[in-house]
Amino acid sequence: MYSLGDGRALIQTIDVFAPVVDSARDWGRIAAANALSDVYAMGAEPLTALQYLAWPRDELPLELASEVIIGGMDVMADAGCTVVGGHSIDGPEPHYGFALTGLAPVNGILTNAGGRPGDILVLTKPLGMGIIATAIKRARCSPELEAEAVRWMSRLNREAGVAAADFGANAVTDVTGFGLLGHLREMCEASGVGAEIDFERVPILSGTSELLAAGMWPGGSSRNLVAVIEDVVSERDVEEIKLLADAQTSGGLLVALPADGVDRYVEIVDGAAAIGSLTSEKSLQVV
């Protein structure tokens, strides 16, 4: 964050990652939506973007790179964000992403540090993206589930971010590489609170549990589980806890809302679900 001195602040962020789906254009769309989420999670509006592309030009056709860029540009246009330039290199593996600049009122910036005991936790997209991306790479994912995952990953969190500000959210974070539990722990530590998650209320894409049981478990999710498991208090099976530690790509927002705004928030934000609450007891409970 950089204050402009007139009550407004610049928000700057960057996200770059390797392909997570087979379609080049869908990958571009997902990369753009993922990068924009950091801006929306802070209650900001994206202004400009710089795109970055690493491409193995001797191994993959440049026409395919064009498809990636078209996908990213389409989503940036939908967000009203102007792509002002970028940079490309010849790299051993394809990577794509964006550096973004957004604008927010200084007094209205949302962070993960303001959660209060009694706040209701709302998740705005279902979990399962890491497991599904692994299944896609191993040719074990059905076309129907891949299409559903792509739909969610390429969806902007703009509506969720605007509504979070409108309904007085005390803390917000986007759920990405550290998984739900990892990002929730960060929110709890920053806010000086604990949390209780009702597993049965957490939205998880249908078919994800079956893929997990078949061994579709990414390395990043495994590291997440190791990092957080000692802090989790639960009688749930570890396979269920794994779903909550799954590394997400372009996941939803995790929003800590005062109870009186939750029903309206869930009504407005498609796919949002109340999944638990923040507590005064500083532990991560999954019931």
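Side-chain atoms of His183 and Thr176, non-hydrogen and from C-beta on, do get closer than 4.5 Å to each other. Using a 4.5 Å heavy-atom cutoff, the side chains of Leu205 and Met129 are in contact. The side-chain heavy atoms of Glu45 and Leu47, taken from C-beta on, include no pair separated by under 4.5 Å.
Judged by distance alone, the side chains of Tyr96 and Gln51 do bring a donor and an acceptor atom under 3.5 Å apart. Side-chain contact of Asn112 with Thr173: a donor-acceptor pair under 3.5 Å is absent, judged by distance alone.
The closest donor-acceptor contact from the side chain of Asn224 to the backbone of Gly177 lies under 3.5 Å. A side-chain donor-acceptor contact under 3.5 Å links Ser3 to the backbone of Gly5. Proximity of a side-chain donor or acceptor of Ser222 to a complementary backbone N or O of Pro218 within less than 3.5 Å is not detected. Within the 3.5 Å criterion, the main-chain N or O of Val175 finds no donor-acceptor partner in the side chain of Gln248.
For the pair Asp237 and Lys242, the salt-bridge criterion is not met [side-chain N within less than 4.0 Å of a carboxylate O]. Between Glu67 and Arg29 there is no salt bridge, since no side-chain N of the basic residue sits under 4.0 Å from a carboxylate O of the acidic one.
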Test side-chain hydrogen bond (donor to acceptor under 3.5 Å, both in side chains) applied to Asp174 and Ser37, step by step: CA-CA 7 Å; Asp174 60 329; Ser37 286; 4.9 Å; no
Yes or no on salt bridge (charged side-chain N to carboxylate O under 4.0 Å, His left out) for Arg155 and Asp270, after CA distance, side-chain angles and deciding distance? CA-CA 11 Å; Arg155 195 179 85 167; Asp270 180 42; 3.2 Å; yes
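Note on Val16: it does not cluster hydrophobically with Leu53, by side-chain heavy-atom contacts below 4.5 Å among ILVMFWY residues.
Shown here is Arg236, whose CZ atom has more than 12 heavy atoms of other residues, nucleotides or ligands within 6.0 Å. Tyr52 OH: more than 12 foreign heavy atoms inside a 6.0 Å radius. Under a cut-off of 6.0 angstrom, the local environment of CZ in Arg116 is sparse, with at most 12 non-hydrogen atoms contributed by other residues, nucleotides or ligands. Applying the 6.0 Å contact sphere to CG of Asp6 captures more than 12 heavy atoms from other residues, nucleotides or ligands.
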